[in-house]
Structures are given as structure tokens and as C-alpha cells.
Undergrad: 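Sharing a structure, written as C-alpha cells. Questions coming.
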Amino acid sequence: MEGRAQKKIPEPGPGIGDGVLVFAVNGLKFEVPSIDPSTTLLEFLRCQTPFKSVKLGCGEGGCGACVVMVSKYDPVLDQVEEYSVSSCLTLLCSLNGCSITTSEGLGNSKDGFHPIHQRFAGFHASQCGFCTPGMCMSFFSALTNAKKLLRPEPPVGFSKLTISEAETAVVGNLCRCTGYRPVADACKSFASNVDLEDLGLNVFWRTGEPKEVMLSKLPSYDPSLTVNEYPDFLKDRLKLAVKLDSNNYSWHSPTSLAELRSFLNTNLVDDGSSIKLLVGNTGIGYYKDLQHYDKYIDLRHIPELSIIRRNHGGIEIGAAVTIARLISYLKDDNANFPSNCTLVFRKIADHMEKIASGFVRNSASIGGNLVMAQRKNFPSDIATLLLAVDSTVSIATCDRHEVVTLEDLLARAPIGSRSVLLGVQVPFPDPKRKEIIHASDSKLYFETFRAAPRPLGNALPYLNAAFFADASPHVNGVIMNDIKLAYGAFGTKHATRARKVEEYLSGKLLTINVLYEAIKLVKTEIIPESGSSHAAYRISVAVSFLFQFLSPFLDAGSPVSDGLSNGITGSVLNSCLENNGEFSNGRMENLSLLSPAKQKVKSVRDYHPVGEPIVKTAAAIQSSGEAVYVDDIPSPTNCLHGAFIYSTKPLARVKSVDFKSDSQQHGVTAVISYTDIPEVGENVGSKTIFGFEPLFADDLTRCAGERIAFVVAETQKSADIVASSAVVTYDTENLDPPILSVEEAVERSSFFDVPPFLYPKHIGDFSKGMAEADHKITSGEVRIGSQYYFYMETQTALAVPDEDNCMVVYSSIQCPEYLHSVIAKCLGIPEHNVRVVTRRVGGGFGGKAIRAMPVATACALAAHKLRRPVRIYLNRKTDMIITGGRHPMKITYSVGFKTNGKVTALHLDILIDAGVFVDISPVMPLNISNPLKKYNWGALSFDFKVCKTNHSSKSAMRAPGEVQGSFIAEAIIEHVASALSMEVDAVRNVNLHTFETLGVFYGGAAGEAPEYTLPDIWDKLGLSSSLTQRMEVIEQFNRGSTWRKRGISRVPIVHGVMVRPTPGKVSILSDGSIVVEVGGVELGQGLWTKVKQMTAYALSSIGCDGTENLVERVRVIQSDTLSLVQGGFTAGSTTSESSCEAVRLCCNTLVERLCPLKSKLQEQKGSVHWDFLILQAHSQAVNMAAHSYFVPASDSMEYLNYGAAVSEVEINVLTGETSILRTDIIYDCGQSMNPAVDLGQIEGAFVQGIGFFMLEEYLVNKDGLMISDSTWTYKIPTIDTIPKQFNVEVLSSGHHKKRVLSSKASGEPPLLLAASVHCATRAAIKEARKQLKSWGKLDGTDLTFQLDVPAILPVVKNLCGLDCVERYLEGLLTDS
């Protein structure tokens, strides 16, 4: 709670020298006499403090799960600076004298929660909760700094932040669960300019209440109250200028250039010691530098390196200046730059805000970025920006100092360890210093460009550019007096100037022909190196950027302007730094990312409190960081840590495993392999009903990513370092070549069997259907790639040996029961000797089911062998490589259809890449066919082959098979519409099922006619989304826009689910509180919340006093396989409802036991209170614990879910970027048990689907090893990539007698609706291709095409025409 009493800080203890590392965490003082200087703040907080809110999500500064706020005192100015940092990158020794605040320090369950925690919980902005503390800290840092802004005081209860600033405060934080919309609303609730009516569903107020009532119910925020104020003892210490003792820490903090030179020129280097120069240490996030350094030199304390000031010729920037600080300086309205510089510097700053994320920019230095670009060819944006403005750099090498151009520095060989970049000089643009004579009215024009997977940063660019022109008006147009063209990150070693193009353009009158010739020259200069990804795309975008820059200079009367500007003469040239028009890169700082959206839900009070949108259980403690995940459990005494060595070859004999690192130095205890499995045990790592997967490869590894061995060391860091240094020797002699494609699998008949009961049945007569068709497509093809789970918490487990040869395992897993059995089988011990405990999972999505078993089993095996506890927390790279993901597949089809679009027959041949082990792959044919049948195909037949390849095993991922099947249906419908030149929505409409045909395709799962709500949803959505009117608006937009095109699409889903048997146990304690156990595991899907509501509802049927708020007295406890057996899988979207039904059965039993006692007490006392009733029951030996095992009836086990979505997108034809303008969803939840939980599931699933269809590129090398294995290369959705307007209606469709209290599933089906975004993108591309065809430049092909999944920028741009600019200009030249 803000403003609560601070903890008393003890004075420095006796005997502690001045050189000791001292800092504060959440008001507590820490003194660290010595420590490894490579220790990060994250390591220290998690291993040596009670504060666990900082989570390790990636170790790269790419996810935000570990964000904290650092407070740093300046004794000269007597000011405290506060900023967010990524604690996984920040070295502890760099924080001497700092105060660190974590989410626990803002508030907690004991002292009271901070308003941020309360609002995150109340706006339903936390699901699994693993990312939530980092989100809270990113936002808290923004709130703290907003207090210092020179702005009018905000209204009471709000901050000085604007809506836009509130949203962008968390733009670098990843979340895989919520879909971000509720996170944005929680943040915006603090904004000074927010309209509370625009915020989404929350627990504070109901729709329609007056604003003053809303504000009164919102947890109050008082900006004047402080949290963990910077402690005085640190101020006193800093005033004494205390430095770390370099002898104890190998950490040097020189305070002058002379001292730095002394370090570099003495025995620090000469004696062979390795040194590391650093400022923020953020480079380690990209380069994963695991080298041990003898000395660390912190450059931040040298005044010359931290200076940023204006001098006579420009801006002097010290190398240690952070990116964030430079941005702030360049945007400072009081900086008093020359008039022709202000907008140039502001545009540089705007571009820099798209580099990394705020919590990285706060630490990352300008000099560090440039040195990485120079030494290691880092794809730097900063190098490109500074190159375009003729920057120079200062370098010190030993006693020599030199000033060179940045261009010269980048072209040099990598500078050595004795060389230090001191600073950068950015000159003021000045036309007068050019040798050529300028017209008196010449103007400067500057623009920057960036094509990247995410618009607002936290993503490396495919290409960046910065252009600077000096132009003068001429009677016939504009003369390019001078021009500088800098390109970077396009697959070369460093940023470069396009000198040939500059020379060609300088001094020329710009015409269409000159522009065309310049573009041809660009293609000869901007050439990615061999092996660069998307090389053709990068060249095309280089052309687009130059076209985009120069087009406004052409005469407004010329067709090229296309309404993009008002011409370059007159007023436009006078303001040429402001880039207008269709492809503007203008500033966005005052525009919010997201528009107000509608969430329409209906609370049904028939079964109160079931049906109420109450707060998700544990949301507040998740926000504060108090919720305990597996890796938060304190390590037992003598605990060891493990890391996997995995294969990098797809099929090879493992000859030996050696190590580059000294394993003894890193405290390695053992290297466990298949030879260490007990004789009575088995080499088994996971199991399904289809078979087992080995824990370790034996002498033969069968796929890249297969586990070979398990390194066990004293710390996780040591285990990871040693495992990463493993050198595996392979032998492939006399082995068949690996199977690395489904086509090869077919050639070699390498398949997994599909049991007959899982093979879908054909429908109708395909031959007859084809004979009835007016048109036929006989060779359609669709390919679908994989997707990685990207749960925020990677795979983790802790195994603790217990007495009598027992083993207790804590695992983040969706199926503890199966793991229990696997561990027993591997160790060769009875199952009653194994206990698996799972409290909560930090995101699962199927990846914490089968794929989690080997991780925990390896820990158990090591613990069993070594008789010591062993734990593991997989680093993100290893997790991505060994875990697998969604099934890729190749689909070919033949389809017949009528002239009106009605399909009469469809046949599919589907090749599914299952990987090397069977996992759950045999269920895929059934899963694929189920949602594919959402349309009435007339006759439907298929041939499925589940291919066994030498790729990593693929497993269940949220909507496994269903998302592919639903998309296949849409791809075919799109193809039919294209072949007929029909509007695709009409083709969809004509192929929707009637209830009669639904029964033909789905059998008993179709239920009764009133339950088939899709036709009503389809029509209702068309009206509520204004589909028809928007289609007309989009048509007009596309006619008037050349370089931006829009598309819209409406997509239905039919998604079948199966309810599985589930156990439950309810115990009523003597004080009337209630403890519940269920088979389902809390993954963030709100299972515990719904179970609590069901428990309260079912027990309140006893009808006594005091049951009104019974839900607050229910606690659901962790899964324990020895306490509750037959827990099964938490998967398939139905575990919540089956767990609820199991609990209801328990409660009914308890109520039945209590009723006689209640009747007796009523006769004696009249009314009976719950607490008294339960106390009497305990005293009279009434059994207050009930166990049940819910087994669904055969006629209610399967049912169908319905929904539809309309999505509208806009694509940039020049770059391939896609923006989702709006999405409208209606989804049928039956009578929702908790509309807030179900809404969160709908939104989160949809956004995860956006990742699959639009963003997440799953790349492997020639051996099948995943290479998009980090946050740098694998891009899940962020807050800036979701729909700008996101409207969702949770349809309450009435009574469903065979469902649990009439409720229906929500976890997986909505993911399928994200295909609407992909289809809308296809529609927009189709418009771009129509345009290309109208120019006569589509090479005679028609408008039929397939859009790959995912539709990343290069894919979209390729279909819009890599040479569309050239073709466009050629058309203009021809016409002229």
C-alpha cells in the first residue's frame, strides 16, 4: 500500500569496509562483502533474497518478466533518478549505492496491495500471472517518472500520464495469456485524460454507472505518496563517494579518462587478463557472452563519457550516455537547437524509441551499441541514424586519441580491447558549409525508416534507413542540392551509405525518370550477403524507402504524388521535415495504440455466485509477485541444478561428449545419461496412450534437439555454462539419411499408425459430389508451419529424495498423474513411492503436458542417483529447441462446386509432420477433421498420413489440429471464391450448415436444434460489426489509396470438445472454511476461480444463514498425486467444467450429510448459521470430507462450440506491414460460469492465434534444429500488434441441459477465429494484386494465390510485388 511505514534500515555493521557493495531492496539493506562480478541482479534477488516477483522469462531483456525499478542518487544535484531495468541483464556490482524496488515492494497481501496490483486484478489483467509483476514494475516506473513532468496537476486519483504513455509503458513486456487489452485498460485507468466509460470489463463498477461513482469505486491512487523512498543511509554513503574495493570484486570504476587509460595500459591487459568494458551490460542479451572475465571496468563514472551537451558545431554525446537519456535530450523543448535541427533530432529520437524496449534503453548505451555494430556486426539502428547525419566518433587507443567519421569506423577491422569509444559528435545540419551554392530558399528534409516484425520496437529490423536531403524549389520541380542515404541491418556487416545513388541524385532536378534510375542504382548497392534471410525482400524495401522519401518532392500534379502530399513547392517545402501523406512516418506520441472497445457479457444469477464475473483467484498475489511457482520454491539444503545437452544432428551415433569449459571449475557433480538409469528402471521420459518416448538418446540420436545427457552442477548458471560448452562427436557412417520432410516420409513409408477409432469417417459420396459440380479445382495446396508454445515460465521441476526410497517432485505440468507414472517406471520403483505436486503453471498451452515429463523425470533420475535434491529451470533457448511445438503439415485438395459457390465435394490428402516420437500425433486426423467440417462440403473424404520424421516430436498446442483444420477450410473457401470471382463472404454464407446437415457431419455432438447458435451468431455479428457498410468504405479507401490497402473478413468456427472424467474432493474445516482439491491444474485459465464459485453455489443449497459470501471462504489447493488420484490431463478446454461438476457432486454429498443435522438444529434454534452448523457437524462426527469421480455420460461427452469473428486490416504495400484495425467477436459460452474469465480466454486465445497466423516464424536449419530460438528471433504478439479496436461479446445462449450448469468451453476454440485476420490480410493483398494487374504487371497470372502461415512482412510484400515500385514508375514513364 502506498505511503505505508517504511521498514527500519539498520546502520552499517561494524567491520564493514567502505569498499563493500551496499544497496537496498524494497527498503531492506544488503551488504555483499564479495561476489562474482558476472552475477546479475536477477540471480541475486532470486537466490539470496526472499523476493521472487522477478521472474526469468528469457535472460535476454526481451520479455520484461524480470523488470524492477532502480533508484539512483546524485549527491551533486541532490536528486534521485528512477528508471526500470531488466534485472536479467543488470550486473549486481553496477548497483552499488542504488535502491531496487520489486513488485513485492509496492505492496503485498500483508501490508496491503498497491493500486496497480488492485487494478490489474480488477481489470482481469492477469491469467497465469508469471509476467504480471514485471508488467506492474514497468508501469510503476512510468508512474513514478510522470510525477516529475512539468504538466498541470491531474484530476484526483489519476497520474500525469496520458493514455498513450500508459499503453506504451508496457510495450516491451510480453504476455502469452491475456491478449493485452485488459492490461492496457488497467494502465489507462491511471491516465489523466482517460474516460472511464471507455475502459473494459472490471469488478469495480457496472456499465452505465455515473463517472463519479466509477471513480469512487476505483482503488485510489495518490501520486504524492511514495513507495520505498530512497534510504538516507545510501545518500550518506554516496556523499562520501564510496567505490567498490576492486580486489574483492574484480570490478573497477574509473572516474577519469586518465584512470581508464592506466587500467588499459598496465598489467590488466599485459598479464593476459581478460577484461570487459561495460555500461549497461545489455549486449549480453543478444550475444549470450558466457566467457569468464578477470576484470570488469564500469565506464559510467567517467564524466567525459556520460556527458551530453550542445557545442558550437552540434551535439556531443558521451559513449556511456544511455539511449533513453539521449532520446529525452533530443526531445527536450528547452534544448534550444537551431531551427533547422529540432525536427531532425526529434525524428531521430522517435526512431530510437523503436529500439529494444524502455527497460533496456534505460541501461543500454550509445557507445555500446556502436561498438557492437563495429566489432560484432550487430544490426544497429543507431549506427544508421548517426551515419545519415555525418556523425564523427572519438576513439582512444592506449595514449593515442583520434576523431574519425562513423562511416570510417564501421568500415575498419574490429577495434581491439585496448581501444575505447569515447563519444559521438552529431553536427548541426548546415547547408552553407557545402561547397555547392544553394538557393536561398533551400530546405533540409530528413526521415527515418524501419521495417520490423513489431511496429514499436523490441524487434530487430529487416532493414532500417535514414535519409537527409537539401532541396531547393525550381520552376520545374525540386532540385536535390545534396542527399545522404544511409541503410543498415539488411544482411551486411554494418550500416552503409548508398554513395552511387547520392552522387547520381545530387544537383539533379527530381523527375520520375531520375527517381526510377536512382531506384535501379539502389538495387546495385543494397545487396545482402549470401545466406541472409529474406534477401529479396530487404532489397525491395530499400527501394520502397527511397521511393517513400523522394515521392513528396515530385510535382503535386504528377501522378506519382497520388495525393500523398500537396506538392513540394510553396508551403510544403517550407515544412518539408514533416512528412505527410499515405505512407507517413509521422510522430505517434499523442495517439493511443488501442481504441475504446466493447466487451459485452451477461451475468446469469440462476446459480449465484456461478455466473458472476468475479476476480480471478490469486490475481492480486500474482501481481505483487507473492504467488509461488515451481522455481520460487526455496532450494532444499544441498540442492543441485541441471541442464540438458541435446543433439544438433537429426540422425547420428553419439560417439562421445566432451566439454570446452572446465567442468570442475563450475562445480559439476555428474553428467547423467541413459547409462545411469537403474537396472530395474527403463529409459522412459514421457508417455501417452500411444507409447513411450525415451528420456535420453542411447547410442543413436534420432533428431536435432533430442536429449543426450543431463549436466548436474552446484548452480543453474554453472550447469547451463557447462551444458552449452558440450562438444558432441557424431558418426553417421552406414546410417540412412534422415527424413526431414513429409515428402521423404511418404517415399520411405515412414508413418505412425492411427487407431481406427481415431480415424475420421468419410461423409457422402465424393465421386457423386464431383459429378454434380459446375466447377472443379483438382490441385489445390496449403502448407502450414509450426508454432512454439512460448509460455512465459519455461519448463521447470524440483525433485527431492524422501525417506524409504521415495521421491517428491514439484513440476510445472498439466498432467501430474502421467508424470507420476513415468518417474516410477524410469526409476523402477512403485508408484506409491512417487509424489508429484503442482500448485500452478506459468502458462502451458499444451507444452506443459507431454513435453514437461522428461524435464521432471531427468531431475528425479539425477536426485535418485545422487541422493540430493535436483532442480532445473530451462533457459529459453534450450526450451525452444527441445520442446517442439505445433504440427506442421502439407495439404492437397480437390474440390467441386456450383456456380453460386456451393461446394458439392471435397477430398483432402493431409501429410502431418509428427516428428520422431509418437506423442499424441495419432489424434491429429480426428482433431483436424472436426473443425474442418464447419462447412457443408456435400461429400467429404480424406487421406491422412501421420509422418514419422527426424524432426523434434510435435505435441499438443492450444487447439491442436483444430486451428489447422479450421484454416484449411477457410483456404479452400477462399480458393473457390477466387475461382468464381465471388465475394468470399457470400461463399462462406452459402456453405454454412443447416441443423440437419450439421447432424450429418457431426452426429450426436450436434446436440439439439436450439443449441446450434452459429446462424444467429453469423447474422448478429454482421449487423453489430457493420460489415456491409464497412465493406463499402473499404472499397472506396482502396480505390483512392495506392500504397495502403485494406481488407475485411468474417469467419465462423465450429469446434468440438470432449469432457473427460475428473476427480474432486471437498473438505469443510471446523471454522466453516472450505478446502477443495480437483484433478485439473490451474494454468491461468481460471479453473480455480470457477471451482470456488461452484463450491459456494453447491454448498449454499443447504439453505442456512451465512452462505451469502461463501466463495470467499473457499480455497483450492495444489494438485498432489498421492492425495487425489486419476487427475488426468488439464487440456482440451473442458477440465474447468468437469472439475466443477466433480466438486458439485462432492458438495451434494456433504449437503446430504448435513441436512439431517440442520433440520435437528432448526427445530431447536430456529435459524441456523453456517459456522454453527459446521462446528456441530464436527463435534457430532459427521464426515466433512467428500470425494467424487465425475464420469460424463456417453451422450453428453462431446459437444460443439460456435463463434464468429470479423477482422479488418490495413497493409503497407511498400513494406508488407499489416495493422489490425478492428476485430469483432461473438462467442457462445452457453451460460458462462464466469464471464470475465471466459472473456479473458477468448481474447487471449485469439491473440495467440494472431501470433500463429501473422507473426511467429518457426525456423529450422538443414538438420532440423530450431534456429528461431530466442526472443530476438521468435516474435509473439505484443500490445502494438493486437487489434486496435477489439470488441468481444460473450454470448449467453440459454439452457444446455447436458452441460455443466449450461456452460460451454472457452479456452481453445476462439484461437481459430484469428484466421479472420489472415483472411482479411489476404483480401487486402488481393486488392494490391488487382492494382498490379491493372498496371499490366502481374505477368498474366490471375488473382488466385495462397498466403503462407505466418503471413510475416516478407510474405505479404512478396505477394504485393517485390518490384511494385519499379512497375509503377515504368507505367508512369510509359504514359508520359
Side-chain angles (χ1 to χ4, degrees), residues 688-691 739 741-743 745-746 749-764 766 780-787 846 849-850 884-895 905-935 937 939-949 951 953-972 1000-1005 1053-1058 1060 1129 1131-1133 1197-1198 1200 1252 1308-1309 1311-1312 1349:
T688 67
I689 62 171
F690 306 109
I739 298 172
S741 71
V742 290
E743 291 86 354
V746 171
S749 299
S750 178
F751 307 118
F752 289 113
D753 291 333
V754 178
F757 75 93
L758 288 175
Y759 201 92
K761 294 180 173 58
H762 295 184
I763 296 165
F766 174 74
E781 181 176 306
V782 178
R783 286 183 179 268
I784 302 174
S786 187
Q787 183 183 21
I850 312 301
R886 202 179 286 284
H887 289 74
M889 56 191 68
K890 175 186 176 183
I891 304 96
T892 54
Y893 57 87
S894 299
V895 60
L906 172 64
H907 175 79
L908 302 115
D909 293 292
I910 301 181
L911 303 177
I912 303 163
D913 189 340
V916 70
F917 298 114
V918 66
D919 204 278
I920 54 84
S921 295
V923 307
M924 291 298 288
L926 195 63
N927 283 17
I928 293 168
S929 68
N930 193 291
L932 189 146
K933 296 186 293 187
K934 64 182 176 179
Y935 291 117
W937 304 109
L940 175 62
S941 64
F942 20 65
D943 180 21
F944 287 98
K945 288 184 170 61
V946 179
C947 301
K948 180 179 181 180
T949 67
H951 285 292
S953 296
K954 300 301 180 276
S955 191
M957 181 175 178
R958 198 174 195 172
E962 288 99 348
V963 65
Q964 295 100 320
S966 190
F967 173 71
I968 292 165
E970 298 306 334
I972 294 168
V1000 172
F1001 277 70
Y1002 287 98
I1053 60 162
V1054 177
H1055 186 293
V1057 296
M1058 178 178 290
R1060 294 186 301 276
F1129 274 79
S1133 302
M1197 190 174 291
E1198 298 179 49
L1200 302 179
F1252 175 61
E1308 294 176 295
L1311 189 145
L1312 281 56
V1349 174

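Residues: numbered from 1 along the sequence shown. Keep in mind it's a predicted model, so treat the numbers as computed, not measured.
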Undergrad: Do you see a donor-acceptor pair shorter than 3.5 Å between the side chains of S894 and H907?
TA: no

Undergrad: Rounded to the nearest 0.5 Å, how far does OG of S929 lie from CG of L908?
TA: 10.0 Å

Undergrad: Might you point out which heavy atoms bring I1053 and S966 nearest each other, and give the distance in Å?
TA: CG2-OG, 4.0 Å

Undergrad: In Å, rounded to the nearest 0.5 Å, how long is the span from CG of D913 to CE of M924?
TA: 10.5 Å

Undergrad: Between E743 and K945, is there a salt bridge with N-O shorter than 4.0 Å?
TA: no

Undergrad: Before you tell me yes or no, could you show the steps for T688 and I850 under side-chain contact (heavy atoms from CB on, under 4.5 Å), namely the whole-Å CA-CA distance, both residues' side-chain angles and the distance that decides it to 0.1 Å?
TA: CA-CA 8 Å; T688 67; I850 312 301; 3.5 Å; yes

Undergrad: Answer whether the closest heavy-atom distance between the side chains of I968 and I972 falls below 4.5 Å.
TA: yes

Undergrad: Just wondering, are more than 12 heavy atoms of other shown residues or ligands nearer than 6.0 Å to NZ in K890?
TA: yes

Undergrad: I want to check something: taking the side chain as every heavy atom from C-beta on, are V782 and Y893 in contact at a cut-off of under 4.5 Å?
TA: yes

Undergrad: Tell me the closest heavy-atom pair linking T949 and S741, and the distance in Å.
TA: CG2-O, 4.0 Å

Undergrad: State whether the side chain of R886 and the backbone N or O of R958 hold a donor-acceptor pair below 3.5 Å, judged by distance alone.
TA: yes

Undergrad: In Å, rounded to the nearest 0.5 Å, how long is the span from NZ of K948 to CD1 of I739?
TA: 8.5 Å

Undergrad: Within the structure provided, determine whether I910 and F942 are in side-chain contact (heavy-atom separation under 4.5 Å).
TA: no

Undergrad: Could you check whether any side-chain heavy atom of I920 comes within less than 4.5 Å of a side-chain heavy atom of H887, counting everything from C-beta outward?
TA: yes

Undergrad: Y1002: what forms a ring-ring contact (aromatic ring centres under 6.0 Å, His included) with it, not counting sequence neighbours?
TA: none

Undergrad: Taking all non-hydrogen atoms of both residues into account, name the closest pair between F1252 and G785 and its distance.
TA: CE1-O, 3.7 Å

Undergrad: Using side-chain heavy atoms (C-beta onward) and a distance below 4.5 Å, is R1060 in contact with F1129?
TA: yes

Undergrad: Given side chains that start at C-beta, do those of P925 and I912 come closer than 4.5 Å, heavy atoms only?
TA: yes

Undergrad: What's the shortest heavy-atom distance between S955 and D919, and which atoms?
TA: OG-OD1, 2.7 Å

Undergrad: Using 0.5 Å steps for rounding, measure from the OH atom of Y759 to the CG atom of D753.
TA: 12.0 Å

Undergrad: Listed by chain and number, what are the ring-ring contact (aromatic ring centres under 6.0 Å, His included) partners of Y935, not counting sequence neighbours?
TA: W937

Undergrad: Is the backbone of G1056 close enough, under 3.5 Å, to the side chain of N930 for a donor and an acceptor to pair up by distance?
TA: yes

Undergrad: Would you indicate whether the side-chain heavy atoms of V918 and V946 approach each other to under 4.5 Å?
TA: no

Undergrad: Determine, for E962 against K934, whether the closest basic-nitrogen to carboxylate-oxygen distance falls under 4.0 angstrom.
TA: no

Undergrad: More than 12 foreign heavy atoms under 6.0 Å from CG of D943: is that the case here?
TA: yes

Undergrad: If we ignore hydrogens and angles and just use 3.5 Å, is the side chain of S953 paired with the main-chain N or O of F917 as donor and acceptor?
TA: yes

Undergrad: If I compare all heavy atoms of S921 with all of A914, which pair ends up nearest, and what's the gap?
TA: OG-CB, 3.2 Å

Undergrad: Which residues pass the side chain to side chain donor-acceptor pair (under 3.5 Å) test with S786, sequence neighbours left out?
TA: none

Undergrad: Any idea which heavy atoms bring E1308 and A959 closest together, and the distance?
TA: OE2-N, 2.7 Å

Undergrad: Less than 4.5 Å apart, side chain to side chain, heavy atoms only: is that true for M889 and L911?
TA: no

Undergrad: Hey, could you give me the CZ/CG distance between F766 and L940, rounded to the nearest 0.5 Å?
TA: 9.5 Å

Undergrad: Show, in sequence, the C-alpha distance, side-chain angles and deciding distance for V754 and V923, and conclude whether the side-chain contact (heavy atoms from CB on, under 4.5 Å) test is met.
TA: CA-CA 8 Å; V754 178; V923 307; over 6 Å; no

